[in-house]
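Start at 1 with the first residue, then count along the sequence. Keep in mind that this is a model prediction, so the values were computed, not measured.
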Amino acid sequence: MPADTGGPSGLDALQTLLASARGLLTDLTTDPLLERILVAFRMLPESDREPILRVLEKDAAWRRVVEETSGATGITVCPNPHASLYVHVLDQVTGELLAPGPLQRDGDVIRLGIETFVRLLPLFFQEGVHAQWTAAAREIVRASDAELRGFAARLAREVLALLDEAAAEGAGAADEGHVAKASGVAQRQRSKG
């Protein structure tokens with residue numbers, strides 16, 4: 001007779017799995033909105049389903065981002081009952097369809113978020129604040145996973161490249177000392193990585 005290891009048996013694991021499946025099935029079958037979504041989705045032409053699913057996924061992600069950043073940005077959202085997933089795309093001159101571009105709304109929200117952050121930059125370098133934000137940032141970075149740290153490093157490299165680009169064009173370089181320093185940092189970052 002095998003020794004009891006004190007852990008869940010195969011039967012216990014199976015019962016747990018079946019209970020989870022039963023709960024998920026109950027959630028799916030008792031949600032009247034889910035059934036409506038599935039019926040509507042099935043009515044779409046098959047070739048339209050993937051792009052429409054991407055729109056839904058993108059808006060779901062936007063909703064989450066806005067919810068998490070509303071305290072800092074002051075932006076909240078609500079569903080648009082007049083929205084449409086289809087746009088009219090006809091070019092009568094050439095007869096070719098025009099590909100719709102990204103929504104102006106998305107660009108505006110991104111720009112507002114970046115402008116809000118950029119306006120805070122001088123605050124980061126005020127006496128007393130610099131030590132606080134670097135300590136907080138150090139803790140956050142250490143607690144972040146490798147993927148998030150990778151995104152942060154990529155963002156830093158891209159911002160430094162944008163500063164180099166602006167300096168090369170002579171636009172927006174109010175303080176050449178800061179730009180030159182940023183350029184040197186950018187070169188060091190690129191060599192590391």
Side-chain angles (χ1 to χ4, degrees), residues 17-121 136-137 140-141 143-166 169 171-172 186 189-190 193:
L17 179 64
L18 289 173
S20 296
R22 188 179 310 113
L24 178 61
L25 185 60
T26 300
D27 290 347
L28 294 174
T29 57
T30 58
D31 186 345
L33 296 178
L34 182 60
E35 180 60 28
R36 287 176 53 196
I37 288 171
L38 292 174
V39 168
F41 194 73
R42 286 188 205 114
M43 290 172 53
L44 296 169
E46 195 169 321
S47 61
D48 292 358
R49 292 177 185 175
E50 176 66 26
I52 287 176
L53 181 57
R54 283 195 308 265
V55 169
L56 291 174
E57 290 169 337
K58 181 182 69 143
D59 268 15
W62 267 113
R63 177 66 177 96
R64 204 169 126 226
V65 167
V66 168
E67 184 176 296
E68 291 174 4
T69 60
S70 64
T73 64
I75 297 173
T76 58
V77 295
C78 65
N80 179 356
H82 308 292
S84 177
L85 292 170
Y86 287 92
V87 294
H88 296 164
V89 287
L90 178 63
D91 180 354
Q92 295 182 0
V93 176
T94 65
E96 294 179 20
L97 293 178
L98 299 175
L103 289 177
Q104 181 66 38
R105 172 206 69 186
D106 295 352
D108 291 346
V109 169
I110 291 170
R111 182 177 182 90
L112 178 63
I114 292 170
E115 285 177 349
T116 301
F117 177 75
V118 168
R119 282 194 296 269
L120 292 174
L121 289 176
I140 292 168
V141 167
S144 299
D145 62 21
E147 181 182 27
L148 187 58
R149 287 193 305 267
F151 283 132
R154 178 180 173 188
L155 176 64
R157 286 190 300 272
E158 290 184 13
V159 167
L160 291 171
L162 291 171
L163 291 170
D164 285 346
E165 182 182 304
E169 294 172 358
Q189 288 294 331
R190 281 190 220 111

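- Here Arg119 pairs with nothing under the salt bridge (charged side-chain N to carboxylate O under 4.0 Å, His left out) rule; sequence neighbours left out.
- Evaluation of the salt bridge (charged side-chain N to carboxylate O under 4.0 Å, His left out) rule for Arg111 yields Glu115 as partners, not counting sequence neighbours.
- Counting all heavy atoms, side chain and backbone alike, Pro81 lies closest to Pro79 at CD-O, 3.2 Å.
- Remark: Arg22 engages no residue in a side chain to side chain donor-acceptor pair (under 3.5 Å) (not counting sequence neighbours).
- Residues passing the side chain to side chain donor-acceptor pair (under 3.5 Å) test with Asp48 are Tyr86, sequence neighbours excluded.
- In this view, Glu35 satisfies the side chain to side chain donor-acceptor pair (under 3.5 Å) rule with no residue, not counting sequence neighbours.
- With sequence neighbours excluded, the residues that form a side chain to side chain contact (heavy atoms under 4.5 Å, CB included) with Leu121 are Phe117, Val118, Phe124.
- To the nearest 0.5 Å, the span separating CD on Glu50 from CD on Glu57 amounts to 7.0 Å.
- Put simply, CD1 on Ile140 and CZ on Arg149 are 13.0 Å apart, with the number rounded to the nearest 0.5 Å.
- The nearest pair of heavy atoms linking Ser70 to Ile75 is CB-O, 3.1 Å.
- Residues satisfying the salt bridge (charged side-chain N to carboxylate O under 4.0 Å, His left out) criterion with Arg42, sequence neighbours excluded, are absent altogether.
- Looking at residues two or more places apart in sequence or on another chain, you find a salt bridge (charged side-chain N to carboxylate O under 4.0 Å, His left out) between Glu68 and Arg64.
- Every residue meeting the side chain to side chain contact (heavy atoms under 4.5 Å, CB included) condition with Leu18, not counting sequence neighbours, appears here in chain and number order: Leu14.
- When the side chain to side chain contact (heavy atoms under 4.5 Å, CB included) test is applied to Glu46, the partners found at least two apart in sequence or on another chain are Arg49.
- The minimum heavy-atom distance between Val77 and Arg63, with the atom names listed, is CG2-CD, 3.4 Å.
- Considering only heavy atoms from C-beta on, Ser20 stays 4.5 Å or farther from Leu24 through its side chain.
- Qualifying ring pair (Phe, Tyr, Trp, His ring centres under 6.0 Å) partners for Phe41, counting only residues two or more places apart in sequence or in other chains: none.
- Put simply, CG on Leu160 and CG on Leu155 are 9.5 Å apart, with the number rounded to the nearest 0.5 Å.
- Between Leu148 and Ser144 the shortest heavy-atom distance is CD2-OG, 3.5 Å.
- The side chain to side chain contact (heavy atoms under 4.5 Å, CB included) test applied to Val65 returns Thr69, not counting sequence neighbours.
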